[in-house]
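No experiment lies behind these values; they were computed from the predicted model shown.
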Amino acid sequence: QVTLVESGGGSVQSGESLTLSCKTAAYSYNQYCMAWFRQTPGKDREGGAALNSDGTPLYADSVKGRFTISQGSAENTVNLQMTSLTPDDTAIYYCAADHCPVRSLEAWTFGIWGQGTQVTVSS
């Protein structure tokens, strides 16, 4: 049984930055890879970024150049640094994990999910 907990969400103005963090009790880059998704009401969960076991990131086109996924100082932590935020980035952000490697940013390929953290960007 694996538990993921997100933190760092909040309300910011357009153009500002925010960093999210995900902590798990059962994370190992040899067994699990981590990713970030986001979702707005009535829409499908959208892939944001993922981190493979070799440290190679995978980004959705919507966040390329603005978001950075990285391993935290602790092995069981992964971060999502978000910059140049716009109202289109407003969503609940979810941390996800599954067996490596990550081949695509498709929500259905991930079996372990956190509860999400709200990010609201005002114009």
Side-chain angles (χ1 to χ4, degrees):
Q1 186 171 315
V2 178
T3 300
L4 302 178
V5 180
E6 303 95 336
S7 63
S11 298
V12 298
Q13 294 292 115
S14 181
E16 295 183 341
S17 300
L18 200 63
T19 298
L20 308 180
S21 181
C22 176
K23 187 175 183 179
T24 178
Y27 174 75
S28 171
Y29 66 77
N30 286 324
Q31 297 179 325
Y32 296 97
C33 284
M34 310 293 289
W36 286 94
F37 293 78
R38 63 188 185 184
Q39 187 170 25
T40 57
K43 298 183 179 180
D44 291 337
R45 197 160 296 186
E46 175 188 31
L51 191 64
N52 263 309
S53 58
D54 63 356
T56 302
L58 180 65
Y59 296 105
D61 289 341
S62 60
V63 308
K64 285 181 180 178
R66 299 189 300 120
F67 290 12
T68 301
I69 188 171
S70 62
Q71 177 68 51
S73 58
E75 186 176 292
N76 64 345
T77 303
V78 65
N79 298 322
L80 184 68
Q81 182 179 329
M82 306 183 293
T83 63
S84 300
L85 288 165
T86 75
D88 288 340
D89 296 314
T90 296
I92 299 176
Y93 282 71
Y94 295 91
C95 178
D98 214 309
H99 299 296
C100 301
V102 177
R103 301 187 185 281
S104 63
L105 288 167
E106 299 178 59
W108 66 268
T109 66
F110 286 81
I112 306 169
W113 294 87
Q115 293 299 307
T117 185
Q118 178 71 46
V119 173
T120 301
V121 185
S122 301
S123 61

Q: With the side chain counted from C-beta on, respond yes when Y59 and L105 share a heavy-atom pair under 4.5 Å apart, and no when they do not.
A: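 Not touching, per the 4.5 Å side-chain cut-off.
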Q: Show which side-chain atoms of residues 116-123 pair as donor or acceptor with protein atoms under 3.5 Å away, not counting sequence neighbours.
A:
from : atom 1 : to   : atom 2 : distance (Å)
T117 : OG1    : G9   : N      : 3.2
Q118 : NE2    : A91  : O      : 3.4
Q118 : NE2    : T120 : OG1    : 3.4

Q: Is there a donor in the side chain of S21 and an acceptor in the side chain of N79, or the other way round, less than 3.5 Å apart?
A: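 Yes, because at least one side-chain N or O of S21 sits under 3.5 Å from a partner of the opposite role on N79.
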Q: In Å, rounded to the nearest 0.5 Å, how long is the span from CD1 of I69 to OG1 of T56?
A: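 Separation between the atoms: 12.0 Å.
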Q: Kindly state each residue pair satisfying ring pair (Phe, Tyr, Trp, His ring centres under 6.0 Å) with at least one member in residues 101-123, sequence neighbours excluded.
A: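 Qualifying pairs: F37-F110, F37-W113.
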Q: Using 0.5 Å steps for rounding, measure from the CZ atom of R103 to the OG1 atom of T109.
A: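 Going from CZ on R103 over to OG1 on T109, the span is 10.5 Å.
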Q: Nearest 0.5 Å please: distance from the OG atom of S84 over to the CG atom of D89.
A: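 Answer rounded to 0.5 Å: 9.5 Å.
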Q: Are any non-hydrogen side-chain atoms of E6 and Y93 less than 4.5 angstrom apart?
A: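 E6 vs Y93: side chains apart.
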Q: Should L58 and I112 be regarded as members of a common hydrophobic cluster, given that ILVMFWY residues are connected when their side-chain heavy atoms come within less than 4.5 Å of each other, either directly or indirectly?
A: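 L58 and I112: separate clusters.
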Q: Evaluate the side-chain proximity of V78 to W36: yes if any heavy-atom separation is below 4.5 Å, no if none is.
A: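 Touching, per the 4.5 Å side-chain cut-off.
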Q: Step by step, would you call M34 with L4 a side chain to side chain contact (heavy atoms under 4.5 Å, CB included)?
A: CA-CA 10 Å; M34 310 293 289; L4 302 178; 3.9 Å; yes
Q: Go through the steps for L80 and R38 under the test side chain to side chain contact (heavy atoms under 4.5 Å, CB included), then give the verdict.
A: CA-CA 12 Å; L80 184 68; R38 63 188 185 184; over 6 Å; no
Q: Look up atom CG in N76 and atom CD in Q71, then write down how far apart they are to the nearest 0.5 Å.
A: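 Going from the CG atom of N76 to the CD atom of Q71 covers 8.0 Å.
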Q: What's the spacing between R45 CZ and T40 OG1 if we round to 0.5 Å?
A: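 If I round to the nearest 0.5 Å, the distance is 11.0 Å.
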Q: Are Q81 and F67 side-chain neighbours, meaning at least one heavy-atom pair lies under 4.5 Å?
A: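 Not in contact.
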Q: Side chains of P101 and C33: closer than 4.5 Å at any heavy-atom pair?
A: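 Sidechains of C33 and P101: no contact.
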Q: Is the backbone N or O of R66 less than 3.5 Å from a side-chain atom of T83, with the two atoms forming a donor-acceptor pair by type?
A: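 Checked: pair present.
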Q: If you count heavy atoms of other groups shown closer than 6.0 angstrom to CD of Q115, is the number above 12?
A: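 Not buried by this count: 12 neighbours or fewer within 6.0 Å.
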Q: Report yes if the side chains of E16 and L85 come closer than 4.5 Å at any heavy-atom pair, otherwise no.
A: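 Not in contact.
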Q: How far does CG of L20 sit from CE of M82, to the nearest 0.5 angstrom?
A: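 The CE atom of M82 is 3.5 Å from CG of L20, to the nearest 0.5 Å.
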Q: May I ask you to test the Y32-T24 pair for a side-chain heavy-atom distance under 4.5 Å?
A: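 The answer is no; the side chains never approach within 4.5 Å.
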